[in-house]
Amino acid sequence: RRGAFIDLLLFGLPAHELYSRSLSIVVLLLFCAVLSRTARKRCLAQEALGESEATLRSVTDAAHDAIIMMDHEGAITFWNPAAEKIFGYTAEEASGKELYALLAPSRYHERYRKGFRKFQAVGEGPAIGRTLELTARRKDGAEFPIELSLSALRLKGNWYAVGILRDIGERRSAEEELLAHRGQLEKLVGQRTGELNAVNELLRKEILDRKRTEEELSRSETFLSTIFDSFHDPLRIVDRECRVIKVNDAYTRTRGRNASKLIGR
């Protein structure tokens, strides 16, 4: 009934208080507008962060390789479902545990400690930026081969590490089986090669013997022909069926025919 809210708020005030209170109201309204805008931006940023985290979670949950994050003190801060399946530890069991103490065989702990001290200082190490084949340990104590790809990132002045681990036990078994088959095949090929070399050597000797025999036979035939033709008397050689198989020159002259027409008669 007394008019607008602002008229009621400022009713009956002196001029200087009216100015001061009006200015305070304007400042308050501006502050509320800025606060509302900031809250809106923060809300949008939180929504974007939530979407990003949901996307990252979906990707890491769908991965078949173990994805593990380690903080600057060596404690596990991220553990995806594939890591649970490969190592047997749940995310709750692994979170906060020392990575090398949980997953590495005890005989490698001292080596890992030395390498980790360098990583804490400068974010570098023999495994950073490389893919290595190492031995890991499951929850039940069984050891198995893994392939590890490790990357370093700096957060709030400290070095963190993200590792992607793959169980290569089946691949290693397949490679060993392949090597065994290859060894057997090479052994079999070696045996067959030795046998073939032995057969080839026998054939070579047989060919040489036959060649020498043929050469000796040829020399004998040449020698026989030379002696046979040197006789002045006519000579002929017949087989069991009385067919002429060889004649000398004197015989062909007495018959007046060539040897080719007499052979076989």
Side-chain angles (χ1 to χ4, degrees), residues 45-183 185:
Q46 289 177 348
E47 290 178 359
L49 179 60
E51 292 177 357
S52 177
E53 290 179 348
T55 301
L56 178 61
R57 176 65 64 178
S58 298
V59 171
T60 55
D61 287 352
H64 295 289
D65 296 335
I67 302 176
I68 302 172
M69 186 171 182
M70 178 185 69
D71 65 12
H72 63 286
E73 294 180 351
I76 296 172
T77 60
F78 184 82
W79 188 267
N80 73 333
E84 295 182 351
K85 182 178 179 181
I86 292 174
F87 292 98
Y89 295 99
T90 64
E92 290 76 14
E93 291 174 326
S95 181
K97 301 292 192 306
E98 285 186 314
L99 179 66
Y100 68 87
L102 186 68
L103 304 182
S106 58
R107 61 184 180 275
Y108 299 123
H109 286 186
E110 184 60 30
R111 186 189 306 176
Y112 288 153
R113 289 191 190 97
K114 292 180 180 178
F116 183 69
R117 284 194 288 268
K118 181 179 179 181
F119 172 78
Q120 284 181 309
V122 295
E124 298 178 358
I128 301 298
R130 300 174 58 190
T131 299
L132 303 176
E133 291 188 3
L134 304 172
T135 300
R137 184 184 60 194
R138 290 190 174 94
K139 183 178 180 180
D140 60 5
E143 296 184 5
F144 65 104
I146 63 169
E147 186 177 77
L148 170 65
S149 298
L150 200 61
S151 301
L153 67 157
R154 194 173 180 85
L155 297 175
K156 297 180 180 180
N158 295 314
W159 287 103
Y160 287 64
V162 177
I164 299 177
L165 299 91
R166 175 176 300 175
D167 184 353
I168 59 172
E170 293 183 0
R171 189 181 77 186
R172 184 73 62 80
S173 299
E175 291 174 351
E176 291 175 354
E177 185 176 355
L178 180 60
L179 288 175
H181 285 312
R182 182 179 297 174
L185 180 60

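Quick caveat: nothing in here was measured; it's all calculated off a predicted structure.
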K.L.:
Check Glu176 with Arg172, please: is the shortest side-chain N to carboxylate O separation under 4.0 Å?
P.N.:
no
K.L.:
For the residue pair Ala63 and Ile67, what are the closest heavy atoms and their distance?
P.N.:
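In this case the closest contact between Ala63 and Ile67 is CB-CD1, 4.0 Å.
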K.L.:
Using side-chain heavy atoms (C-beta onward) and a distance below 4.5 Å, is Phe116 in contact with Glu98?
P.N.:
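They are not in side-chain contact.
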K.L.:
Write down the atom of Ala152, the atom of Gly123, and the distance for their closest heavy-atom approach.
P.N.:
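Minimum heavy-atom separation between Ala152 and Gly123: CB-O, 3.7 Å.
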K.L.:
Quick check: closest heavy atoms across Glu84 and Ala91, and the distance to 0.1 Å?
P.N.:
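Residues Glu84 and Ala91, closest heavy atoms: OE2-N, 2.9 Å.
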K.L.:
Between Arg130 and Leu148 (side chain of the first, backbone of the second, donor and acceptor by atom type, cut-off under 3.5 Å), is there such a pair?
P.N.:
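Checked: no pair found.
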K.L.:
If you round to the nearest 0.5 Å, how far is CD1 of Ile168 from CD of Glu175?
P.N.:
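Nearest 0.5 Å value for the CD-CD1 distance: 7.0 Å.
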K.L.:
Can you name the closest pair of heavy atoms from Pro105 and Glu143 and give their distance?
P.N.:
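Nearest heavy atoms, Pro105 then Glu143: CB-OE2, 3.5 Å.
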K.L.:
Can you tell me how far the CD1 atom of Ile68 sits from the OG1 atom of Thr60, to the nearest 0.5 Å?
P.N.:
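Atom-to-atom, Ile68:CD1 and Thr60:OG1 are 12.0 Å apart.
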K.L.:
When you measure from the centre of the six-membered ring of Phe144, is the NZ or CZ of Arg138 under 6.0 Å away and within 45° of the axis?
P.N.:
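Verdict for Phe144: a cation-pi partner in Arg138.
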K.L.:
Quick check on Arg107: does its CZ atom have over 12 non-hydrogen neighbours (other residues, nucleotides or ligands) under 6.0 Å away?
P.N.:
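Yes, enclosed.
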K.L.:
To the nearest 0.5 angstrom, please state how far the CD1 atom of Ile86 sits from the CG atom of Asn80.
P.N.:
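Result: 7.5 Å between the selected atoms.
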K.L.:
Crowded around Arg166 CZ? As in, over 12 foreign heavy atoms under 6.0 Å?
P.N.:
no
K.L.:
State the CG-CZ distance between Leu150 and Phe119, to the nearest 0.5 angstrom.
P.N.:
7.0 Å
K.L.:
Who pairs with Thr135 by side-chain hydrogen bond (donor to acceptor under 3.5 Å, both in side chains), at least two apart in sequence or on another chain?
P.N.:
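Partners of Thr135 under the side-chain hydrogen bond (donor to acceptor under 3.5 Å, both in side chains) test: none.
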K.L.:
Looking at residues at least two apart in the chain, or sitting in another chain, which of them share a side chain to side chain contact (heavy atoms under 4.5 Å, CB included) with Arg154?
P.N.:
Trp159
K.L.:
Which distance, rounded to the nearest 0.5 Å, do you find between the OH of Tyr160 and the CD of Gln120?
P.N.:
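Those atoms lie 11.5 Å apart.
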K.L.:
With a 4.5 Å heavy-atom cut-off, do His181 and Glu177 have their side chains touching?
P.N.:
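Touching, per the 4.5 Å side-chain cut-off.
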K.L.:
With a cut-off of 6.0 Å (strictly less than), are more than 12 heavy atoms of other residues, nucleotides or ligands near CD of Glu110?
P.N.:
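Counting neighbours around CD of Glu110, more than 12 heavy atoms of other residues, nucleotides or ligands fall under 6.0 Å, so yes.
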K.L.:
Compare every heavy atom of Ala75 with every heavy atom of Gly96, then report the nearest pair and how far apart it is.
P.N.:
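Heavy atoms only, the tightest pair is O-CB, 3.7 Å.
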K.L.:
Can you tell which of Asp140, Asp167, Leu102, Leu165 makes a side chain to side chain contact (heavy atoms under 4.5 Å, CB included) with Phe87?
P.N.:
Leu165
K.L.:
With sequence neighbours left out, write down each residue that passes salt bridge (Lys or Arg N to Asp or Glu O under 4.0 Å) with Lys139, or none if nothing qualifies.
P.N.:
Glu93
K.L.:
Nearest 0.5 Å, what's the CD1-CD1 distance between Ile164 and Ile146?
P.N.:
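Answer for the CD1-CD1 pair, Ile164 versus Ile146, is 12.5 Å.
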K.L.:
Start with the C-alpha gap between Val162 and Leu153, add the side-chain angles, then the distance that decides, and say whether side chain to side chain contact (heavy atoms under 4.5 Å, CB included) holds.
P.N.:
CA-CA 8 Å; Val162 177; Leu153 67 157; 3.5 Å; yes
